[in-house]
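Encoded as structure tokens, the structure appears first; notes follow it.
Below, chains carry the letters A, B, ... as their sequence lines are ordered, and counting in each starts from 1.
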Amino acid sequence: MPELAEVEYARKRWDAGIGANIIAVELHATKRVFRGTDTRELKRQLIGRRLLSSVARGKQMLFRFGGDNSLGIHLGMSGSMRMEPPGFRAAKHDHLVLRQAKQALVLRDPRQFGRARFHHGKSRPDWWSAAPEIGSPEFTSEYFDDFLARHRRAPVKAVLLLQSGFPGIGNWMADEILWRAHVVPNRRVEKLKAQERTALRRATRFVSREALRIVGHDDSNLPKTWLIHERWSAKGVCPLHKTPLERATIGGRTTAWCPTCQR
DNA sequence: ATAAATGTTAAGAA
DNA sequence: GTTCTTAACATTTA
């Protein structure tokens, strides 16, 4: 279930392994999560190395190891991370297991839309995004408006899903943001008034910050007033006045919105 | 059995 | 050349 905050939560699942050596690496080398990755090199380099630190950017994670080695992880649609006891046996979908003396770090991904990549060297991996994060000082209104301007013909929902401008935003967050900004998801970006763009940017920052604070911290539930709790079910209603939600495919994804709140 | 699922990306169209 | 749309990827669940 990985968007910005779920990714942050997943990243921390491996925190207990920081500072400890990797004594063995087990992986399902032919699985799609390793597409484009040299798994033999990954294994060869990581064994005997210490896990030093980790960072997340949007939906991407980077785990740094000794010897200038790093492991990039993206959870795709169904990826998850967890810790298991040392004697743990990998199941069918546990595609990567990093064994340490006191625990095993596990990456699981049944659908395999996610991926695990390896990078050796001091340089920044070319797959590591440089886009400003939503909570960062670089995410200014100028930057925001400029990004929207470059995608003026697309429906605003589709643009919110672009990781090059909105790192970490996914399907539920995009719907949540649009609902709070009172904008219908299929509005062309060029039709947004300045006031609506401001509302959109505010909602983007609010949803990201609150999700990170609540879900990213300990996987707690978001307040009952949020749209997320209604949008999954076909019978979902607006949290404000119980109007049945509309739904359609926009930007290639199932989208839910309130026809009363959003224009 | 068919459809849909919290994502990305290649390919082709505009 | 850039932007936009859509199909495809692999598996489980409703």
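- As judged by a 4.0 angstrom heavy-atom cut-off over every strand, A:Arg108 is placed among residues making no nucleic acid contact.
- The closest side-chain heavy-atom distance from A:Asp175 to A:Lys157 is below 4.5 Å.
- The shortest heavy-atom contact between A:Pro223 and A:Ile214 is CD-CD1, 4.0 Å.
- Following chains of ILVMFWY side-chain contacts shorter than 4.5 Å, one cannot reach A:Ile250 starting from A:Phe166, and the two form parts of different hydrophobic clusters.
- In this entry C:dA7 has B:dT9 as its Watson-Crick or G-U wobble partner, both defining distances falling under 3.5 Å.
- The aromatic rings of A:Tyr143 and A:Phe139 lie tilted to each other, with the angle between the two planes from 30° to 60°.
- Checking B:dA4, B:dG7, C:dT5 against every side-chain atom of A:Thr254, the shortest atom distance belongs to B:dA4.
- Look at A:Lys92 and you'll find a side-chain N or O under 4.0 angstrom from OP1 or OP2 of C:dT12.
- For B:dG7, one of the phosphate oxygens OP1 or OP2 lies less than 4.0 angstrom from a side-chain nitrogen or oxygen of A:Lys59.
- Backbone-only engagement by A:Gly76 is indicated by non-hydrogen atom pairs under 4.0 Å involving sugar-phosphate atoms exclusively.
- Figure legend: A:Arg180 and A:Trp226 shown as a cation-pi pair, the cationic atom lying under 6.0 angstrom from the six-membered ring centre and within 45 degrees of its axis.
- Taking the six-membered ring where tryptophan is involved, the planes of A:Phe118 and A:His120 are essentially parallel, since the angle between them stays under 30° and well short of 60°.
- In this structure, the nucleotide among B:dT8, C:dC9, C:dT5 sitting nearest to the side chain of A:Pro155 is C:dT5.
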*Summarise protein proximity over nucleotides 9-14 of chain B in one line of letters, 5' to 3': B for base, S for sugar-phosphate only, - for none, counting protein heavy atoms closer than 4.0 Å.*
------
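- Comparing A:Arg150 and A:Gly252 against DNA chain C, the residue whose closest nucleotide sits nearer the 5' end is A:Arg150.
- The nearest whole Å value for the distance from the CZ atom in A:Arg32 to the P atom in C:dA8 is 13 Å.
- Nucleotides C:dT12 and B:dT9 are separated by 23 Å at their C1' atoms, to the nearest Å.
- Going from atom NE2 of A:His93 over to atom C1' of C:dA10 covers 9 Å, rounded to whole Å.
- Regarding contacts with the backbone of B:dT8, a side-chain N or O of A:Gln163 is found under 4.0 angstrom from either OP1 or OP2.
- Rounded to an integer number of Å, the gap from A:Arg253 CZ to B:dG7 P is 4 Å.
- Here C:dT5 presents its P atom at 14 Å from NZ of A:Lys157, a figure rounded to the nearest Å.
- When rounded to the nearest whole Å, the span between CH2 of A:Trp232 and C1' of B:dA5 equals 9 Å.
- Nearest nucleotide to the side chain of A:Trp172, out of C:dT12, B:dT6, C:dC4: B:dT6.
- By the 4.0 Å N-to-carboxylate-O rule, A:Asp94 lies close enough to A:Arg82 to be salt-bridged with it.
- Going from atom CZ of A:Arg247 over to atom C1' of B:dA4 covers 11 Å, rounded to whole Å.
- Contact between A:Cys258 and A:Thr243 at its shortest, heavy atoms only, is SG-CB, 4.3 Å.
- Scanning both residues, A:Leu227 and A:Ala256, for their nearest heavy atoms gives CD2-O, 4.2 Å.
- Here B:dT6 is the nucleotide among B:dG7, C:dC4, B:dT6 with the atom lying nearest to any side-chain atom of A:Arg231.
- Residue A:Phe34 contributes atom CZ, which lies 15 Å from atom P of C:dA10 at whole-angstrom precision.
- For the P atoms, the distance linking B:dA4 with C:dT6 amounts to 16 Å, nearest Å.
- Look at CG on A:Asp146: it is 10 Å from P on C:dT3, rounded to the nearest Å.
- Of the candidates B:dT8, C:dT11, B:dT6, C:dT11 carries the atom nearest the A:Arg111 side chain, counting heavy atoms from C-beta on.
- Nearest-nucleotide positions on DNA chain C place A:His151 closer to the 5' end than the other of A:His151 and A:Gln112.
- B:dA11 and C:dA10 have their P atoms separated by 16 Å, given to the nearest Å.
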